> 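Dropping a structure here in structure tokens format, bear with me for questions.
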Protein chains: 2
Amino acid sequence: MKSWRMAFNLSLRVLQAFVELADCRHFTRAAERSHLSQPAFSQLIRRLEEDAGVPLFTRTTRNVTLTVEGELFAERARRLIADMQSSIADLRDHATYRKGRVAMAALPSLSADLIPRAFAAFRRSYPTITLELFDRLSDGCLELVRRGRVDFALTAPGPRLHEFDSAPLRSEPFYFVCGARHPLARRRRIRLRDLWGLEMIHMARSSSVRQHLEPVIAKAGVLDSGIEIEQLATLAGLIASGLGVSLVPELTLFQFRRRELAVIPLEAPELTRPLLLVRRKGVALSRAAEAMLEVIVEMLPGAGRASARRTSAAQASG
Amino acid sequence: MKSWRMAFNLSLRVLQAFVELADCRHFTRAAERSHLSQPAFSQLIRRLEEDAGVPLFTRTTRNVTLTVEGELFAERARRLIADMQSSIADLRDHATYRKGRVAMAALPSLSADLIPRAFAAFRRSYPTITLELFDRLSDGCLELVRRGRVDFALTAPGPRLHEFDSAPLRSEPFYFVCGARHPLARRRRIRLRDLWGLEMIHMARSSSVRQHLEPVIAKAGVLDSGIEIEQLATLAGLIASGLGVSLVPELTLFQFRRRELAVIPLEAPELTRPLLLVRRKGVALSRAAEAMLEVIVEMLPGAGRASARRTSAAQASG
DNA sequence: GTCAATTACGTTCTCCGTAAGGATG
DNA sequence: CATCCTTACGGAGAACGTAATTGAC
């Protein structure tokens with residue numbers, strides 16, 4: 001079905017060969033530099049000239065020079081070669097993690113410790129990739145994903161999650177935190193019913209932890225201290241001062257590892273915070289973002305499962 | 001002997017296919033638009049991705065989208081395609097005389113009549129080619145050629161002619177010009193000996209005609225009027241007024257075709273002015289310049305000989 | 001006579017099309 | 001089950017290398 005005249009298929013190789021000959025004006029040498037036999041090289045130039053419709057060189061067996069048209073084309077050919085090579089280099093740089101950008105959003109609890117450590121590890125492996133981080137509450141994370149401002153978000157379930165591709169990364173267990181002198185401070189494990197009647201300090205209602213905790217603790221019969229704070233550090237300080245106790249997810253524990261505090265695993269399988277990887281629907285991650293995700297997953301407590309790392313295209317939408 | 005890793009040979013066809021798919025995100029349609037079978041198209045994209053080292057599309061059987069790397073490459077690919085096509089178009093335009101430039105130098109005698117007519121004819125055939133003309137005396141013509149300012153010159157032999165490629169275009173016969181009432185005005189032919197004792201008006205000594213004439217007329221025993229003029233029109237006026245007679249080469253006759261003047265062929269085979277085509281040594285003419293030369297040769301009196309039109313590379317240097 | 005480009009020719013390999021296979025909605 | 005991408009395979013043509021030829025100095 002190639003009924004019509006086949007179009008001129010200019011290629012990088014041909015351009016390079018042409019410029020090589022334009023430079024050294026010697027078929028045999030130019031052929032060597034192009035890693036071709038001299039006749040093959042000769043044929044290549046001939047075909048180029050046929051396609052062009054005009055001789056590009058004048059040759060006697062002793063002398064090879066560019067024609068006027070050849071000179072003009074040589075200028076453009078050099079530009080084209082440079083542009084093509086730069087495009088290829090750019091593509092390869094992205095393929096080999098020498099170029100790229102990862103933008104992500106994450107809950108403040110993750111952004112304070114896990115993500116910084118992940119960034120540090122990532123940068124060691126891929127020092128030239130640009131990194132961006134937005135620490136936002138759940139809604140903010142989702143909004144950034146929706147707008148395409150970030151490649152992905154690490155966040156808790158939120159409203160309108162069905163608009164995204166989301167996959168559970170991990171289910172995070174909760175820990176009970178109290179002052180070191182608290183009656184429960186020496187316990188090895190805590191159950192929900194142990195909390196009955198305790199005065200509890202909560203995170204602000206806007207936080208995903210609080211939203212997740214709310215229905216459960218309502219049934220557990222804990223007393224609400226009335227204090228609502230936004231920063232984990234504040235929470236730690238309040239507990240250290242004996243003003244109450246709290247439940248916090250595992251990834252925030254770095255804030256509570258202080259002598260004045262006791263941190264005890266909560267045995268409540270039904271009370272875990274799902275940590276989601278959220279992305280735009282149907283949009284693949286960049287290579288750099290994939291690599292970042294890999295680093296993060298490796299760094300999560302209880303790593304080793306490969307399931308969350310299969311990020312190709314198949315997801316359970318939330 | 002292709003021992004090493006074959007380099008990435010990006011070609012226009014591949015880029016076009018890639019952009020086609022990036023645009024319509026549908027293998028079957030993109031394949032059709034690229035005039036390829038769908039599997040062949042698929043393979044082409046796969047090879048491109050292999051060379052790139054990174055997937056450019058994410059495909060489910062139902063959905064094809066660009067990856068981040070694909071988006072980046074698509075931008076550059078569009079630019080590359082445009083640049084390549086423009087380069088090809090430019091080359092083809094030169095090949096088909098839609099673009100180009102002819103710069104030439106010629107003696108004033110030729111520049112007044114022959115060249116303007118040649119330019120007019122040339123422009124009818126190739127209206128978009130830029131034309132440049134320098135009307136200079138012999139030395140000026142050669143200097144312009146030497147500096148590469150013009151493609152070629154039409155001039156008389158001059159000093160240091162060996163520096164150039166020169167080829168005789170034509171040997172121009174001389175004509176005797178006198179007033180209509182001059183005793184010789186009715187003659188059909190004039191011989192050199194007929195000029196004995198006549199008062200003659202010459203062109204300035206700097207003119208090639210004068211230089212060529214000088215040794216011959218010295219022997220012919222003519223009287224020098226003492227007038228030296230630079231413009232042919234002045235010469236014509238002086239002769240018309242009966243102040244003398246002159247010998248002029250054929251291509252200047254357009255200035256002397258007036259009722260008050262008689263123009264008579266001079267029978268003196270030894271007295272002809274060679275008209276040379278002079279070019280830089282070893283530099284081929286542009287396609288446009290070749291075409292111009294062809295037009296000029298056709299227009300020369302006594303055209304039809306193809307000898308002077310073979311301008312390839314072989315010349316007798318002067 | 002030597003060096004250098006072209007032509008001739010046989011081989012290899014790329015690239016394409018047809019046909020079968022597999023996944024998705 | 002219909003659509004659409006991929007894999008498999010066989011053939012046509014492009015491109016390459018070796019060898020012979022032509023041409024310039």
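Note that the coordinates shown come from a computational prediction; the quantities given were computed from them, not determined experimentally. Proteins get letters first, then strands, A, B, ... in listed order; numbering begins at 1 in each.
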> Which of the following nucleotides, dG17(D), dC4(D), dA15(D), is nearest to the side chain of Arg13(A)?
dA15(D)
> Mind calculating the distance between CG (Leu36(A)) and P (dA14(D)) to the nearest angstrom?
17 Å
> Using a 4.0 Å heavy-atom cut-off across all strands, classify Arg25(A) as base, sugar-phosphate, or nothing.
nothing
> Output the rounded distance in Å from CD (Gln38(B)) to P (dG21(C)).
17 Å
> Does CZ belonging to Arg25(A) count more than 12 external heavy atoms closer than 6.0 Å?
no
> Contact class for Leu44(B) vs. all strands (heavy atom < 4.0 Å): base, sugar-phosphate, or nothing?
nothing
> Measure CD/Glu32(B) against C1'/dC16(C) and give the value in whole Å, please.
16 Å
> Starting at atom CZ of Arg46(B), determine the distance to atom C1' of dC5(D), rounded to an integer number of angstrom.
13 Å
> For Thr28(A), report the nucleic acid contact type (base, sugar-phosphate, nothing); a contact means any heavy atom under 4.0 Å.
sugar-phosphate
> Using distance alone, with no hydrogens and no angle criterion, decide if Arg76(B) and Ser87(A) have a side-chain donor and acceptor under 3.5 Å apart.
yes
> Classify Arg59(A) by what it touches in the nucleic acid, base, sugar-phosphate, or nothing, heavy-atom distance under 4.0 Å.
sugar-phosphate
> Round to a whole Å and report the spacing from CD of Gln43(A) to P of dG13(D).
16 Å
> Are Phe41(B) and Phe18(B), when compared by the centres of their aromatic rings, separated by less than 6.0 Å?
no
> Between dG17(C), dC5(D), dC16(C), which nucleotide has the shortest distance from any of its atoms to the side chain of Ser42(B)?
dC5(D)
> Which nucleotide sits closest to the side chain of Val64(A): dT18(D), dC16(C), dA5(C)?
dA5(C)
> Is any side-chain heavy atom of Leu66(B) closer than 4.5 Å to a side-chain heavy atom of Leu21(B)?
no
> The side chain of Pro39(A) is closest to which nucleotide in this list: dC4(D), dC15(C), dT7(C)?
dT7(C)
> Tell me: CZ of Phe57(B) to C1' of dC5(D), nearest whole Å?
13 Å
> Could you measure the distance from the CD atom of Glu75(B) to the CG atom of Asp90(A)? Nearest 0.5 Å is fine.
10.0 Å
> Kindly point out which of dC5(D), dA4(C), dT18(C) is positioned nearest to the side chain of Phe27(B)?
dC5(D)
> Using atom NE2 of His35(A) as one end and atom P of dC16(D) as the other, report the distance to the nearest whole Å.
13 Å
> In whole Å, I'd like the distance from the CG atom of Asn63(B) to the C1' atom of dT3(D).
13 Å
